[in-house]
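The chains referred to below are lettered A, B, ... by the order of the sequence lines, with proteins before strands, and numbering in each begins at 1.
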Amino acid sequence: MELSIKYDPSKVEDKWYAWWLENRFFHSEPDGREPYTIVIPPPNVTGILHMGHVLNNTLNDVLIRKARMDGKNACWVPGTDHASIATENKVVAKLKGMGISKEDISREEFLRHAWAWKEEHGNKILLQLRKLGASCDWDRTRFTMDPDLSKAVTETFVYFYKKGLIYRGVRMVNWDPEGHTAVSDEEVVYKDTKRHLYYVRYFVSDGEGHPTDKYLTVATTRPETIMADAAVSVNPNDERYLWLRGKKVLVPLVGREIPVIEDDYVSIDFGTGCLKVTPAHDPHDYEIGLRHNLPIISVIDDRGKLTEEAVVLVGEDRFQAQKDVVGLLEAAGNLDHIEDYSSPVGYSERTNAAIEPMLSTQWFLKMGELSKNALEAVESGNVKLIPDKYRNTYRHWMENVRDWCISRQLWWGQQIPAWYLPDGRFVVESDAEKALEAARELDPAIKAEDLRQDPDVLDTWFSSWLWPISVFDPEKPGHPERESNPDLAYYYPTNDLVTGPDILFFWVARMIMAGDVFMSDVPFRNVYLTGIVRDKLGRKMSKQLGNSPDPLDLVAKYGADAVRIGMLLCSSAGNDIFYDESMVEQGRNFCGKIWNSWRLVSGWSVDEGAPQSEACRSAVKWFDNLLSRTIAEVEDNYSKFRISDALMAIYRLFWDSYCSWYLEIVKPVWGESIDRATLDATVTFFDKLLRLIHPVMPFITEELWQAMAPRKEGETIMFQPTPKAGEIDRKFLAGFDITQGAVIGVRGIRAQKQIPPKQTLGLHLEGKTVPELNPVLEKLANVELLEKVPEGPASSFIVGTVQCSVPLSGLVDSSEELGRLEAELARQKSFLEGVRRKLGNAGFVAHAPEAVIAGERKKEADALSRIEALEKTIASLSK
RNA sequence: GAGGCUUUAGCUCAGCUGGUUCAGAGCGCUUGCUUGACAGGCAAGAGGUCAGCAGUUCAAAUCUGCUAAGCCUCACCA
């Protein structure tokens with residue numbers, strides 16, 4: 001088959017992907033082989049492919065393809081996450097565009113819209129993954145809200161409730177006024193925010209609700225919550241405020257009388273030492289309120305607007321209200337002064353709205369026992385975190401985690417399986433029927449229509465923490481005692497999980513918890529945490545900055561293999577990734593190199609009768625050894641998840657060693673043929689190289705592998721075994737290093753003296769070499785090896801311990817050459833001196849291990865022989 | 001505020017248990033090549049006081065301490 005000069009991925013990639021699908025090569029069923037399983041970190045259904053996905057899924061695909069070629073039964077389960085807040089927001093926004101407000105439609109109607117949205121857009125990201133070459137078992141595609149997966153979530157809820165681990169209670173939660181829902185502590189991001197510290201005067205009451213002329217001043221960042229104040233607190237040890245003991249003060253603007261209380265929480269040296277206590281709108285104040293039995297006055301509602309209880313500015317948005325309250329305070333003479341101030345403010349991870357601490361009734365899952373066991377799984381090494389620096393972070397979190405708020409005031413998600421009786425009591429059951437039964441035990445008169453299901457849904461992570469279990473056996477979650485189905489029994493625990501450190505707690509830790517409870521085993525053995533993809537200036541990729549390229553554009557421009565290579569090249573393990581398009585170019589260039597190397601070999605004609613030259617035989621021997629050595633290195637890198645190092649090792653083997661050295665040796669001169677033995681070896685090498693690099697570059701390798709030779713129906717490189725390392729002759733490899741050094745040296749002389757490559761030169765070697773390699777040297781450097789030390793002017797250099805001289809009558813400026821040699825001689829002498837100083841050091845000889853001393857002695861001997869050779873050359877030159 | 005990580009060539013990073021001629025790789029850069037596979041290429045080069053200081057040791061890029069810069073995680077002094 002004739003190959004085009006340039007590799008064109010667009011003509012190749014879709015063809016092979018379709019063919020792989022057609023043959024169901026990605027599909028896995030349990031069998032006698034060892035399983036190798038990965039579950040995809042399910043992207044949001046709202047998602048579109050970004051560079052983070054590219055990194056993550058390329059790594060996943062490399063691992064899964066490698067395992068497949070290693071003979072394992074590789075199964076990569078794909079799917080998507082319903083992402084309740086993100087998706088609900090999208091749908092609300094879409095409805096808004098259609099002039100529909102969520103408030104105006106029923107839950108059922110809203111969910112119809114949401115499902116329609118999911119059907120239309122939800123598959124997009126999975127289709128995009130195919131462009132990357134991801135070899136997922138698409139037959140196993142799952143969605144966290146598939147009916148059976150939702151059922152798994154419900155059963156899990158019921159399980160934990162009946163175990164007494166889930167409870168319902170009034171707590172101070174993180175309220176997202178934009179998403180109109182509570183969010184968990186983990187979904188709050190704190191950002192330093194410029195704000196103001198308002199110093200406000202509270203006048204002391206005369207006892208009958210009238211102000212006296214005495215006042216105290218509190219510092220607050222949230223004047224709009226003043227109307228919700230339940231007390232003012234000072235530290236009991238603060239002598240400045242002893243006079244306030246037992247007094248009451250008046251809340252500015254509303255004139256309500258509140259007590260001055262004393263609490264240790266208040267710092268004497270912050271602000272004025274007086275704290276306004278607002279139990280409804282601050283977690284600490286809430287705690288103080290509990291201690292002092294203070295009333296709870298809510299002035300901000302779930303939309304972030306002031307309530308009736310605020311008395312002033314009712315109905316105004318909280319941010320506007322802050323400005324207006326300040327104005328009112330000033331007008332009323334209560335504002336002392338304002339300072340600039342910066343402090344962390346919590347924002348909702350999903351909507352970026354400022355979090356409003358708010359009291360509400362929510363469902364919680366107790367974390368105590370769960371987090372203890374999940375911590376143990378990592379501490380004991382049953383789950384390995386890579387890089388392991390994350391173990392600290394993980395431990396710290398697991399030791400400090402608070403109960404998980406799992407209810408969300410949303411519609412998109414699994415509705416909480418709790419049903420309320422008219423009297424407020426409730427039952428928790430997996431469906432309405434069972435709930436009715438249970439309710440009748442409480443009250444036999446209850447009818448189905450009397451029951452009302454809790455309107456809230458569960459946190460998305462409450463479904464994705466079951467993912468590694470429920471994708472295989474949705475019946476299992478909630479029922480640890482039940483026997484696993486054959487898929488779950490075979491594929492669980494999965495092997496490796498590749499994901500970002502940003503969801504270590506959200507997802508990874510919680511999967512470990514769920515695995516422990518329902519499977520009594522970890523969900524995966526290794527967690528490879530990738531870095532965050534940044535642009536080359538180190539900025540996070542974001543839509544706002546517009547610094548994130550569309551991966552599909554890159555694939556269209558450079559090909560998927562190039563994008564995969566580019567991504568891996570800049571992603572050393574555990575570090576953030578500084579993405580630069582030039583890396584993708586490098587990937588594309590590599591494709592071109594591979595392509596052309598086959599064009600060369602495929603064009604050779606073979607002379608069946610021709611004997612193999614010595615140079616060819618040595619080259620084959622060398623490359624065979626080098627291949628083995630590199631395979632060993634690559635395997636070692638893979639085992640440590642050093643994927644980019646593995647890639648680089650293959651890259652150099654392919655480009656430098658195979659193309660630039662090996663092929664240059666065996667390449668027949670124009671018009672001549674190659675012998676059979678060398679050709680066969682060359683083709684075998686190429687085949688092994690393709691297989692080695694296939695996990696990283698699936699498309700071009702399939703194309704070339706199919707082009708190399710006629711293949712049987714349905715035969716693919718995907719299932720060819722990973723090449724194995726053979727015996728390694730290290731002496732021979734070292735000998736080749738000398739040969740290479742000599743070739744480079746001669747080329748250097750040519751470049752320096754402008755001697756054309758076609759002009760054959762003489763070369764004399766002095767020192768230990770591998771004679772088998774001499775023909776290689778002669779061919780590559782275009783030299784004739786000389787038996788004797790050349791007479792007359794020569795240019796010389798040293799490789800290792802071998803002195804190389806190239807006689808160059810007429811071309812050598814002997815004084816220049818002499819100068820160079822003498823400088824080299826001086827360098828060698830000072831090196832020798834250093835080594836001898838070491839060897840002369842009694843401490844060194846006494847303490848250092850044998851091997852090190854032997855090494856130093858060898859260095860000494862080598863230096864001596866080099867010095868001798870140099871001196872000889874200098875002597876002959878100065879004649 | 002508390003923990004952790006990082007600092008090696010212009011850039012991105014290797015360098016494992018201190019000792020192998022240890023100061024490396026890729027990219028970039030410089031110079032020369034219309035060389036019968038490939039200019040997306042070939043060949044030859046230049047580039048670093050291993051962040052700084054002190055210590056341990058026969059021996060330090062590697063271990064310890066301090067300093068500086070950058071990053072991450074956790075933590076709502078109103």
Side-chain angles (χ1 to χ4, degrees), chain A residues 3 5-7 174 188 190 197-198 218-222 233 265-267 269-278 282-285 341 343-346 355 357 387 389-394 396-397 400 501-502 504-505 532 536 538 558 562 569-572 574-578 580 582-583 585-586 588-604 640 642 644-645 648-649 651-652 659-660 663-664 667 669-671 744 747-752 754 756-758 800-801 831 835 838 841-849 851-856 858-859 862-863:
Chain A
L3 268 69
I5 288 194
K6 286 194 172 155
Y7 171 62
N174 309 298
V188 179
Y190 290 93
L197 205 48
Y198 302 91
V218 304
T220 179
T221 53
R222 304 212 50 198
S233 179
Y265 169 74
V266 183
S267 331
D269 47 12
F270 187 87
T272 59
C274 296
L275 170 73
K276 76 186 201 62
V277 183
T278 319
D282 183 281
H284 284 123
D285 290 10
Y341 185 63
S343 70
V345 174
I355 288 295
K389 66 177 175 186
Y390 285 108
R391 278 176 55 169
N392 281 325
T393 317
Y394 182 86
H396 186 258
W397 191 75
N400 294 290
D502 48 333
L504 183 58
F505 307 133
I532 293 164
K536 64 174 164 184
Y558 297 102
L569 278 177
C570 51
S571 62
S572 60
N575 294 321
D576 277 358
I577 283 94
F578 294 87
D580 183 349
S582 71
M583 293 292 110
E585 281 177 31
Q586 197 182 338
R588 176 203 54 191
N589 296 351
F590 187 37
C591 289
K593 191 69 188 175
I594 294 173
W595 185 258
N596 275 297
S597 69
W598 179 249
R599 277 186 66 223
L600 172 68
V601 174
S602 66
W604 288 340
K640 293 170 182 156
R642 301 175 64 135
S644 64
D645 290 338
M648 189 46 72
Y651 178 92
R652 289 168 59 193
C659 294
S660 298
L663 289 181
E664 288 303 321
K667 177 158 95 180
V669 293
W670 178 243
I744 289 167
R747 284 175 183 164
I749 290 171
R750 286 184 193 277
Q752 209 181 8
Q754 302 192 311
K758 283 184 179 154
T801 57
F831 176 74
V835 173
K838 220 173 185 183
N841 183 329
F844 174 72
V845 181
H847 296 275
V852 175
I853 296 174
E856 291 301 314
K858 181 168 183 324
K859 280 190 209 172
D862 289 352

Less than 4.5 Å apart, side chain to side chain, heavy atoms only: is that true for A:Y265 and A:L275?
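Heavy-atom side-chain distance check passes, below 4.5 Å.
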
| request: Measure the shortest side-chain to side-chain distance between A:R588 and A:Y7 over non-hydrogen atoms and say whether it is less than 4.5 angstrom. | output: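 Side chain of A:R588 against side chain of A:Y7, heavy atoms only: no contact under 4.5 Å found.
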
How is [X] classified with respect to the nucleic acid when contacts are heavy atoms under 4.0 Å: base, sugar-phosphate, or nothing?
X	result
A:T221	sugar-phosphate
A:P501	nothing
A:I577	nothing
A:F831	base
A:K276	nothing
A:T278	nothing

Notebook entry, point to check: If you measure from the P atom in B:C71 to the same atom in B:C33, how many Å do you get, rounded?
Noted result: 47 Å

Taking the side chain of [X] as heavy atoms from C-beta outward, which of [options] is closest to it?
X	options	value
A:R652	B:A44, B:A14, B:A25	B:A25
A:V266	B:A78, B:A44, B:G41	B:A78
A:M648	B:G26, B:A37, B:C38	B:G26
A:K593	B:A37, B:A44, B:G19	B:A37
A:F578	B:U12, B:A25, B:C58	B:U12

ask   = Is there a donor and acceptor pair, one atom on the side chain of A:E664 and one on the base of B:A37, closer than 3.5 Å?
value =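 Such a pair exists between side chain and base.
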
query: Looking only at N and O atoms, is any donor in the side chain of A:K389 or the base of B:C5 less than 3.5 Å from an acceptor on the other one?
result: no

Look for any protein N or O under 3.5 Å of an N or O in nucleotides 70-77 of chain B and output each such pair with its distance, or none.
from  : atom 1 : to     : atom 2 : distance (Å)
B:C77 : O2     : A:S267 : OG     : 2.5

With syn defined as a glycosidic angle within 90 degrees of 0 and anti as anything else, the base of B:G47 is syn

